[in-house]
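Just so we're on the same page: letters track the sequence lines, and every chain starts at 1.
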Amino acid sequence: CDIRSLGYEEKRKLLATIEKAVAFVTTMIFQDGSSQLNSEQVLTSSVKGVVVLVKNQTDYPCLPGYSSTDCTWDAANEDDKLIYLKTEWSSLWEQEQQAHKKFTWQVLFQMLRCKVPIICFNAKDFLRTLLQVYGNEISWKQVADSVVLDPRIAAWLINPSDTVPSFECLIQKYFEKPFSVETVNTDTGPLRNTSYQNLGVNLEKLYNVMMDLAHDLQVQGLWKLFCTLELPLIKILAVMETHKIHVNKQELKKTSEILGLRLKELEQEAHQVAGERFLLTSSHQLREVLFEKLKLHTLCEKVHRTEIQQLVSTSEVVLNKLQDLHPLPKIILEYRQVHKMKSTYVDGLRMCMRKGFISSTWNQTGTATGRLSAKHPNIQGISKHPIRITKKQYIKGKEEEIVTISPRTLFVSKKGYTFLAADFSHIELRILADLSSEPELLKLFQEPETTDIFSSLASQWKGIPSEQVKHADREQAKRIVYSVVYGAGKERLADCLGTTPLQASQFIESFMQKYKKINEFTKKTIEQCRNKGYVVSIMGRKRPLANINAQDYKLRTQAERQAVNFVVQGSAADLCKMAMVEIFTSVVVSPNLTARLIAQLHDELLFEVEDSQIQEFS
DNA sequence: CTAGCGTCA
DNA sequence: GTATTGACGCTAG
């Protein structure tokens, strides 16, 4: 039914039906007639309304422990109701509109409140839209109370390599499995179908797919992970996406100009020392200048080559080696740094800006390891390190000035609020210590004087006092540790270490000697993966690795490294998500705390906290 | 070494 | 002219 045509009594009845419902299956529909079930619809189309299938009887009596053999979706739902809620209004009919609008959100509010599962494909988008449309009526803490189920996330838990399963794919997979359902070929070309009847059928299918997925999750031991971690996260991400982060617009414009000027200078310098004009951003043209004209690679032994075409690489490692032979490499290196800074972190950020604010889009199913990913902007990838550039100033007094540009400072907290970050320290290494029970590694963590493992290791390896360990040393130590434990080859480690491959392999040897149990752990997880075909994280997250028994050496060893890495990185992702859920719920439960989550940077949570609440919140 | 995303050719 | 791919460089561990 369309709620616009309902009388008072009918509305009351509808609310009563909702009260008794056992599940809701819902999707948003857009201006262009598409719905959330139409794979990868564009965000440009605005939301027209919401269609809800109200399930009043259940084909699956109790959700967790049902048997899936008797699913007869086509005949068993006479009591189910399909309702259409319009959320967008023309300016006509002021009076009636108000009434409709109010009733619409009454319905939606009750759906959220009554703790009955709301099944939605891409539920995060649904919740976010609700928060955006009814921002004045519904607080984010109320959305946090709802119970949502997302089949897409369920499917991803079962197969995390399949990073974007579409609705159509799920239908195919889970419908043709038990028995073929009257496959009217409407789902091969459903894209423009605005018929609600058809949508009703699709929602019914979605419901059944979710039930099948729920069953599979249980069979595979993923149900708890799904319910306690991934489902609550949907709401957290929806709330996070509705929060806007303020960006210093003027500063952004100014730094863009400064960087642009510096790029021009560097371009001129490069042309001068090269003796010809060429495009600095083109690796092809650079290769011609560097190696065909100047023949710099002949003065230097062993230079990296590109994987496919076996051309001489123009990568950072090669350019670093060529630094002393010619002034050009250094200029290119700085050009690339400044260019990256400008295009990605400054201009890229400006592109994402709406009225002085940005808000990332979070993808819960974007990785194979359970980590989150973000885009527009990728707030997890914004450079930490500032760069220094010399700015020629044409103001009298001083000729030039050194300015430092650090992209992270471009984000500013609201007035009266401050950013608060909470992060795990060395989380993957701690997990590795725990899983391998390596005594030497465990000892390092238990010693109270070790405040920073990587700094300690850096001072140990370099033979310098820990106070003198610089940031770069620590960073290098960190890269080395992770490289070695995840199975780096000697060549790659040599690049990392800045030594010869021979020394690198000796380093690997002594590392393995000192931390024997790490090697045992590695072997054990590869062995388990070979037997079962998949690996498992602390919270039971799974990653099937089809290539683990492959004939091809390259493919097989890659799968082996992925297996080891997954167990550690996936477990770290589990813990970070647990932290997110726990902190979020404690804020929701608190009557006075208002702290908002801004971003998750894998092992770090960034909040915006009211100044007066910093103590209590932290 | 493993995960990602953005930019450029 | 538009779409895809590989190389590169930044993030996180």
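Every residue two or more places apart in sequence or in another chain that forms a side chain to side chain contact (heavy atoms under 4.5 Å, CB included) with Asp552(A) is listed here: Lys554(A), Leu555(A). Scored by the side chain to side chain contact (heavy atoms under 4.5 Å, CB included) test, Ala494(A) finds Pro501(A), Ala504(A) as partners (sequence neighbours excluded).
With 3.5 Å as the limit, one finds a donor-acceptor pair spanning the side chains of Arg152(A) and Asn122(A). A donor-acceptor pair shorter than 3.5 Å cannot be found between the side chains of Asp423(A) and Ser425(A).
With a cutoff of under 4.0 Å to any heavy atom of chain A, the contacted region of DNA chain B is bounded 5' to 3' by dC1(B) to dA9(B).
Within 4.0 Å (heavy atoms only), Arg371(A) reaches at least one base atom of the nucleic acid. Note on Ala573(A): nothing from the nucleic acid sits closer than 4.0 angstrom, heavy atoms only. Contacts of Phe566(A) with the nucleic acid, taken as non-hydrogen atoms under 4.0 Å apart, are absent. Using a 4.0 Å heavy-atom distance criterion, Lys340(A) is classed as a base contact. No engagement by Leu372(A) is indicated, since no non-hydrogen atom pair under 4.0 Å with the nucleic acid exists. Gly489(A) comes within 4.0 angstrom of sugar-phosphate atoms only, judged by non-hydrogen atoms across all strands, and of no base. Among the protein residues, Leu493(A) comes within range of no part of the nucleic acid, since none of its heavy atoms lies under 4.0 Å from any strand. Looking at heavy-atom distances under 4.0 Å, Gly570(A) makes no contact with the nucleic acid at all. At the heavy-atom level, Gln569(A) lies under 4.0 Å from base atoms of the strands shown. Within the nucleic acid shown, Thr281(A) comes within 4.0 Å of sugar-phosphate atoms alone, with no base atom in reach, counting heavy atoms only.
Interface residues of residues 419-439 of chain A facing DNA chain B, ordered by number: none; criterion, heavy-atom separation under 4.0 Å.
To the nearest angstrom, P of dA7(C) lies 19 Å from NE2 of His339(A). One interatomic measurement links the two molecules: CD of Gln600(A) to P of dA12(C), which rounds to 12 Å at whole-angstrom precision. Regarding Gln285(A), its CD atom lies at a distance of 16 Å from the P atom of dC8(C), rounded to whole Å. What separates NZ of Lys375(A) from P of dA12(C) is a distance of 21 Å, to the nearest Å. The NZ atom of Lys384(A) sits 13 Å away from the C1' atom of dC10(C) (whole-angstrom rounding). Straight-line distance from the CZ atom of Arg336(A) to the C1' atom of dC8(C): 7 Å, rounded to whole Å. Following rounding to the nearest Å, Tyr335(A) (OH) and dC8(C) (P) show an atom-to-atom distance of 17 Å. Regarding Arg479(A), its CZ atom lies at a distance of 13 Å from the C1' atom of dT11(C), rounded to whole Å.
Atom NZ of Lys577(A) is separated from atom CD1 of Ile236(A) by 10.5 Å, given to the nearest 0.5 angstrom.
In plain terms, the two heavy atoms of Leu429(A) and Leu441(A) that are nearest each other are O-CD2, 4.0 Å.
Sorted by first and then second residue, the pairs that involve residues 489-517 of chain A and meet ring pair (Phe, Tyr, Trp, His ring centres under 6.0 Å), not counting sequence neighbours, are Trp461(A)-Phe507(A), Phe511(A)-Tyr515(A). Sorted by first then second residue, the side-chain hydrogen bond (donor to acceptor under 3.5 Å, both in side chains) pairs that include residues 233-246 of chain A, not counting sequence neighbours, are Lys124(A)-Glu241(A), Arg128(A)-Glu241(A), Thr242(A)-Arg596(A), His243(A)-Glu608(A).
Relative orientation of the Phe454(A) and His426(A) rings is perpendicular, given thresholds of 30° and 60° on the angle between their planes.
Atom CD of Glu509(A) is surrounded by 12 or fewer heavy atoms from other residues, nucleotides or ligands within 6.0 Å.
At least one side-chain nitrogen or oxygen of His385(A) sits closer than 4.0 Å to the OP1 or OP2 atom of dT11(C).
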